[in-house]
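Counting starts at 1 for both ligands and their atoms, following the listed order. All values derive from a computational prediction rather than experimental measurement.
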Amino acid sequence: MKKPYETHGRIALIQMDSPPVNSLAHSQRIALFDAMDAAVQDSEIDAVVICGAGQHFCGGAAIEEFNLPVRAEPSLKKIIDCMEGSAKPILAAIHGSALGGGLELALGCHYRLATTDARLGLPEITLGLLPGGGGTQRLPRLVGVEAALALILSGERLDGASAAKVGLVDDVLDAVVRGAENLDGVGQNVAGLAIAWLQRRLMLPVPEPLSRRKAWFASLDNELGFFENAADKAAQVKGSQRAARDCVACVRASTEMAFESGLAFERSKFLELVASSESISLRHLFFAERKAARVPGLSADVMPEIVAEAAVVGAGLMGSGIAMCFANAGIPVRLLELDAEALERGMRRIEKTYADSVAKGRLAQSVMDRRMSLVKPAQRYEELASVDLVVEAVFEDMSVKQQVFVQLDAACKPEAILATNTSRLDIDEIASVTKRPGHVIGMHFFSPANVMRLLEVVRARCTSAKTLATIMRAGRALRKLPVAVGICDGFVGNRMVTAYFREAGFLLEEGASPSQVDKALLDFGMAMGPFAMSDMVGLDISWAGRKRMAATRLRHLRYSKVADMLCEEGRFGQKTGAGYFRYQVGS
Ligand code: NAD
């Protein structure tokens, strides 16, 4: 009977093969367990190497299986039990990603090797979960409590060299080799190098499995108050506080409980988290973000153009942020304002934002200098003749926008795409004043544009497929999350926010203060409260929209006037020093 692994002398090679990332879906677990069990029992085999086919070792659990009421056997635990129970050395040969359950599988092996460009990590926290395949118990026993907790709480990925430095892998496979195909002749590939490495160690005693070691602190000093401190920090993690708190508790258990009890504790916490609304939402978001990349009705045959040079019209709050997005991505950008003072203010705002990052140590001065050199101020439309894409971010007023588009249409090359950052105006109407409606589209950034990931790509009636594909691609090049949407009042994001703000306004009328409402929503897990957010975005933007839509408002519906009254007093938020809150220099 054919063996479920290849043999290289007396070494078995088990290859995980379920594209694209060899995730540990049920069928993959069955294949892996059967191969491992057979290899461990095979008297012609002395040692085992596990590797991944294609571009990765293993991307981890099949996340969609978390939604199933019962997880089918064999579990990852059963596979690892089989490996740790084996007297034969087992080695994980890692290239590409070893994430989540994929890394936990490797932690169940006696040896780990990785290519220098591999990516190893436990990103479960980003899904509101904790590593539930023994990761919280084995990792502190391998790299120490501090390094383990840092990796688990950050979800950060380490490359092969950094993984070797903290002791997560035994060695780096120095030749950066991709894929584990062409195994004949044990050539220059991951599996081949790993087999050669293991062959040299066959005479050595087999290292103890991690389950039989003790969790350790790097120094006694760190032990004192370490977990109390970590729990305080975990409470400040946004979005996944509960998972962060449980990660700390599980790593603590690795130092206080016997291995099997720690594992059972981890399992119980994992099951609680899987059923939590935070994790269910974060998993939904994970799949939704992937789905957003596929635009309904847009064929994969449509080839997007590359945006090599861009321009932004309007150097206000949004325009300067959008110009930074291009500069951050290394794309030269012209920033056009007719008003010299406003242009100067916009350039200063960009410089100050970068300088603040440099002062906080988040950006190197040389990077700031390079980015600043990519932003060129402009005052005449003719200066935009060569750009591939223009994003308009002038006042939210149809006639102003239409005038700008007439000028852009005349000045820009015919194939240039003209995008508007309008929040609520009808893009069909804006496109109608140009001779190139197929090249007109919405690029709706969110404030602060240089920070927020979401980018609504608004498809107007005449927008061509090529324009849409080009802007989806450009959005990714700007490291945003582009989501294609259609035209309607507020598109998707602001339409949702409108309902949210309306309810927040009612709370004020019923006696709550802005800070009380904001605090309740911060505690709920929002990054900002609705009133601090309104003040940051500028109250005038939504006021303009409400005035424009006033005639169509349904009179029988309750309407909160608080925001309008603030605007009537000129309180537009941070930009005027007052909105729902007061903003004073230095405060
Ligand atoms: P802003 O008032 O800060 O900036 C507008 C800028 O446009 C000003 O600097 C003004 O001088 C300039 N401008 C006006 N007419 C011009 C013209 N004809 N030519 C060149 N420049 C001109 O406003 P903002 O908040 O940056 O908003 C700009 C656009 O972005 C609006 O359409 C708004 O709806 C949209 N938007 C705003 C936000 C937000 O949070 N503020 C979010 C998404 C989209």
Side-chain angles (χ1 to χ4, degrees), residues 311-325 334-350 353 377-384 390-412 418-427 429-430 433 441-458 480 483 485 487 489-498 501 528 530-549 563 567 570 572-576 579:
V312 175
V313 185
L317 185 68
M318 292 306 290
S320 44
I322 297 167
M324 290 173 73
C325 296
R334 288 177 184 274
L335 183 57
L336 183 129
E337 267 274 355
L338 304 180
D339 178 60
E341 246 176 60
L343 182 58
E344 174 64 28
R345 257 198 318 275
M347 290 300 291
R348 269 207 310 272
R349 186 181 295 125
I350 295 176
T353 310
Q379 279 194 278
R380 291 177 305 117
Y381 280 92
E382 298 85 82
E383 294 174 68
L384 311 190
V390 184
V391 184
E392 164 279 313
V394 302
F395 298 138
E396 185 76 338
D397 179 295
M398 181 56 80
S399 68
V400 177
K401 296 227 190 253
Q402 286 185 328
Q403 281 165 30
V404 168
F405 270 71
V406 168
Q407 310 244 40
L408 288 174
D409 199 27
C412 296
L418 308 182
T420 171
N421 181 47
T422 182
S423 306
R424 289 174 183 272
L425 297 177
D426 183 345
I427 299 173
E429 262 185 66
I430 300 176
V433 300
I441 193 164
M443 281 181 89
H444 185 224
F445 291 80
F446 289 78
S447 181
N450 54 313
V451 176
M452 299 298 282
R453 265 178 85 219
L454 178 59
L455 171 67
E456 287 181 334
V457 175
V458 193
K480 300 287 174 197
V483 181
V485 302
I487 295 180
D489 187 57
F491 310 127
V492 176
N494 282 341
R495 207 178 171 85
M496 288 161 64
V497 159
T498 299
F501 281 8
M528 267 182 125
F531 296 119
M533 181 176 153
S534 298
D535 279 357
M536 185 189 72
V537 168
L539 272 64
D540 51 325
I541 304 279
S542 47
W543 190 35
R546 286 194 300 279
K547 283 191 284 193
R548 193 167 36 77
M549 302 294 286
C567 289
F572 294 161
Q574 286 186 21
K575 61 172 101 168
T576 55

Please examine the side chains of Ile427 and Phe491, heavy atoms only from C-beta on, and report whether any two atoms are closer than 4.5 Å. yes
Is there a nitrogen or oxygen of Glu396 sitting under 3.5 Å from a nitrogen or oxygen of ligand 1? yes
Distance to 0.1 Å, residue and atom name: give those for the protein heavy atom nearest to atom 12 (C) of ligand 1. Glu337 OE2, 3.1 Å
As an exercise, identify every atom of ligand 1 less than 4.0 angstrom from a heavy atom of Ser423. 33 (C), 34 (O), 35 (C), 36 (N), 37 (C), 43 (C), 44 (C)
Any N/O pair Lys401/ligand 1 closer than 3.5 Å: yes
His444 neighbourhood, listing ligand 1 atoms whose heavy-atom distance to it stays under 4.0 Å: 43 (C), 44 (C)
Counting C-beta onward and ignoring hydrogens, is there a side-chain heavy-atom pair between Ile487 and Asp426 closer than 4.5 Å? yes
Tell me the protein heavy atom at minimum distance from atom 37 (C) of ligand 1, and give that distance in Å. Met318 CG, 3.3 Å
Report the part of Val404 in contact with ligand 1, treating N, CA, C, O as backbone and CB onward as side chain, heavy atoms under 4.0 Å; options are side chain, backbone, both, neither. side chain
How far is atom 2 (O) of ligand 1 from its nearest protein heavy atom, and which residue and atom is that? Phe395 CE2, 3.5 Å
Using a 4.0 Å cut-off to any heavy atom of Val313, which atoms of ligand 1 qualify? 20 (C)
Would Phe446 count as a contact of ligand 1 if the rule is a heavy atom under 4.0 Å away? no
Answer yes or no: is there a donor N or O on one side and an acceptor on the other, between the side chain of Gln407 and the main chain of Gln403, under 3.5 Å? no
Side chains of Val312 and Leu336: closer than 4.5 Å at any heavy-atom pair? no
The test is side chain to side chain contact (heavy atoms under 4.5 Å, CB included); show your working for Val492 and Glu456 and say whether it passes. CA-CA 8 Å; Val492 176; Glu456 287 181 334; 3.5 Å; yes
May I have the step-by-step check of side chain to side chain contact (heavy atoms under 4.5 Å, CB included) for Asp489 and Arg495, ending in yes or no? CA-CA 7 Å; Asp489 187 57; Arg495 207 178 171 85; 4.0 Å; yes
Heavy atom of Ala393, distance to ligand 1 below 4.0 Å: yes
Any Met318 side-chain heavy atom under 4.5 Å of Pro448 side chain: no
If you measure from each non-hydrogen atom of Asp339 to ligand 1, which part falls under 4.0 Å: side chain, backbone, both or neither? neither
Pair Lys401-Glu396, salt bridge (charged side-chain N to carboxylate O under 4.0 Å, His left out): steps then yes or no: CA-CA 7 Å; Lys401 296 227 190 253; Glu396 185 76 338; 3.6 Å; yes
For the backbone of Ala449 and the side chain of Ser447, can you confirm whether one donor and one acceptor N or O come within less than 3.5 Å of each other? no
Atom 29 (C) of ligand 1: nearest protein contact (heavy atom, Å): Val394 O, 3.3 Å
Looking at side-chain heavy atoms only, is the closest gap between Val313 and Tyr381 below 4.5 Å? yes
Any N/O of Val400 closer than 3.5 Å to an N/O of ligand 1? no
Looking at side-chain heavy atoms only, is the closest gap between Thr353 and Met324 below 4.5 Å? yes
Atom 25 (O) of ligand 1: nearest protein contact (heavy atom, Å): Ile541 CD1, 3.5 Å
In this structure, atom 4 (O) of ligand 1 is nearest to the protein heavy atom Gly316 CA, 3.2 Å
Protein heavy-atom partner closest to atom 43 (C) of ligand 1 - residue, atom, separation in Å: Phe445 O, 3.0 Å
Name the closest protein heavy atom to atom 3 (O) of ligand 1, giving the residue it belongs to and the distance to 0.1 Å. Leu317 N, 3.0 Å
